[in-house]
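Dropping the structure in here first, questions after.
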Amino acid sequence: MNDKINLIINEASLFEAKTAEDAESFRLKFLSKKGILNQLFEDFKQLPNDQKKTAGVKLNELKEFLNTKYNDLKSNLSEQTDSASKNDLSLPGDPFTLGSRHPISLVRNEINEIFGKLGFTVSDGPEIEDDWHVFGALNFPPEHPARDMQDTFFIEKNPDILLRTHTSSVQVRVMEKTKPPIRMLMPGRVFRNEAISARSHCFFHQIEGLYIDKNVSFADLKQTLLFFAQEYFGSETKIRLRPSYFPFTEPSAEMDISCSCKGKGCNLCKYTGWLEILGCGMVDPNVLENNGIDSKVYSGFAFGMGIERIALLKYQIKDIRIYSENDVRFLKQFSSEI
Ligand code: DAH
C-alpha cells in the first residue's frame, strides 16, 4: 500500500489546473466519493491488523496532501482571474452606493437656509438641562403642569436635572452669552414622557427662533413667518395666526398655513383648509429681564416648530415612528443634496 500511495502523491503533485474544470477533474479523480482516496480507505479495511498502523498514518498523510493540493489549485485559479479582471478596463466598475440624508436633517437644513437669508445664524445647547433654563428663566410658574413628571424626564431631583422638553431652553443660553441684537435659530432634539404612537414620540426635534433688537414688533414676527412659509411651502401659501398661550411670550399665537388642497378640504387638513405648524409670540418682558436684557430698551419675538411635523407635511408621512426605525427602504428615498 505504501508504494501505491507514493505513486499517487507523485502523480497528484504534477497535476496542473488552468481552468476551473481542471481543478474539478482533480477533485473527481482523487477526492470524490468514488475517487482514488476513498478506494484506498476501502482497501485499508481489508489489510491484516499488523499492517494497519503504518498504512493508516501514510493514508492520512495522503489525504492531507490531496486536500492541500486541491485548495492550492483553486486559489491559484482565483488569483489568476482576479488579476485578469483588474487588467480588463472594459469591465463595469463596482457599484458605489451613496447614502442619503435623513429627512429630519434635510428639513432642518432647509429651514436653516431660509432663515439664513434673513440674517439668522444657528446655535445649539445641551440636551441635559437644569430647571432654570427649561422652565424658570422662561417664566414658567413653579406649579406649571409642564414641569410635572408626566411630561418631563428627570435625571436628578433637587436640584432638578432633566432632559429638555423644548428647544426654548437654548433661547436662555443664547441670551446669557449674547448682547442684542440677536437673530438666532436653534435646532435640536427634545424629550417628553409621552406614549409612543403614530402621532407622538418620547423624543423629537424642534427649531427655535429668537429675534431681539430695538423696536421689534408683532408685524416683524408676522412678516418673518410669512416669508418662511412661502419659501418653504410655496409662494401661494397663506398664514393664519390664532391667539394662544405660552408662559414665555406675550402676546402668543399659533400659526397655521393654508393646506395644499386650497381650502377644498382633504384628509391632511381634516377638511379645515389649514395646518398648524408652529407656536410663536413676543418675548415676555419677564424673560428678557430674567436674562439681563433691559425690556424697556429691547423687544423681540420667538417661535418654535416641530421638525417631524414639518417633514410629515412636506413628505406626506403618516406615522412619526418611521423617522427613528432606521428602515433603509424609507431612508434611501430622500435625496442628499442639502
Ligand atoms: N416651546 C414651545 C413648545 O415646545 C414652542 C414655542 C412656542 C416656542 C412659542 C416659542 C414660542 O419660541 O414663542 O411647544
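Each residue takes its place number in the sequence, starting with 1. Remember, predicted model here, so these are calculated numbers, not experimental data. As the structure lists them, so they are numbered: ligands from 1, and atoms in each ligand from 1.
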Measure from every N or O atom of ligand 1 to the protein's N or O atoms and keep only the pairs below 3.5 Å, writing each with atom names and distance to 0.1 Å.
from, atom 1, to, atom 2, distance (Å)
ligand 1, 1 (N), H166, ND1, 3.0
ligand 1, 1 (N), S168, OG, 3.0
ligand 1, 4 (O), R192, NH2, 2.8
ligand 1, 4 (O), Q206, NE2, 3.0
ligand 1, 12 (O), Q171, NE2, 3.2
ligand 1, 12 (O), E208, OE2, 2.6
ligand 1, 12 (O), F303, N, 3.3
ligand 1, 12 (O), F303, O, 3.3
ligand 1, 13 (O), A302, O, 3.2

| query | With a 4.0 Å cut-off, would you call R164 and E129 a salt bridge? | reply |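 No salt bridge links R164 with E129.
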| query | Hey, what's the ring geometry for Y323 with H102, parallel, tilted or perpendicular (30° and 60° as the breaks)? | reply |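 The rings of Y323 and H102 sit tilted, inter-plane angle from 30° to 60°.
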| Plane angle bin for F301 and F120 - parallel if under 30°, tilted between 30 and 60°, otherwise perpendicular |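 The arrangement is tilted - the two ring planes meet at 30° to 60°.
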| query | Less than 4.0 Å between a side-chain N and a carboxylate O, is that true for E11 and K29? | reply |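 Here K29 pairs with E11 in a salt bridge, since their nearest N and O are under 4.0 Å apart.
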| query | Should the pair K4-D43 be classified as a salt bridge under the 4.0 Å nitrogen-to-oxygen rule? | reply | yes
Please report, to 0.1 Å, the donor-acceptor pairs under 3.5 Å made by any side chain of residues 241-251, with sequence neighbours excluded.
from, atom 1, to, atom 2, distance (Å)
R242, NE, D256, OD2, 2.8
R242, NH2, D256, OD1, 2.8
S244, OG, E254, OE1, 3.1
T249, OG1, S252, OG, 2.7

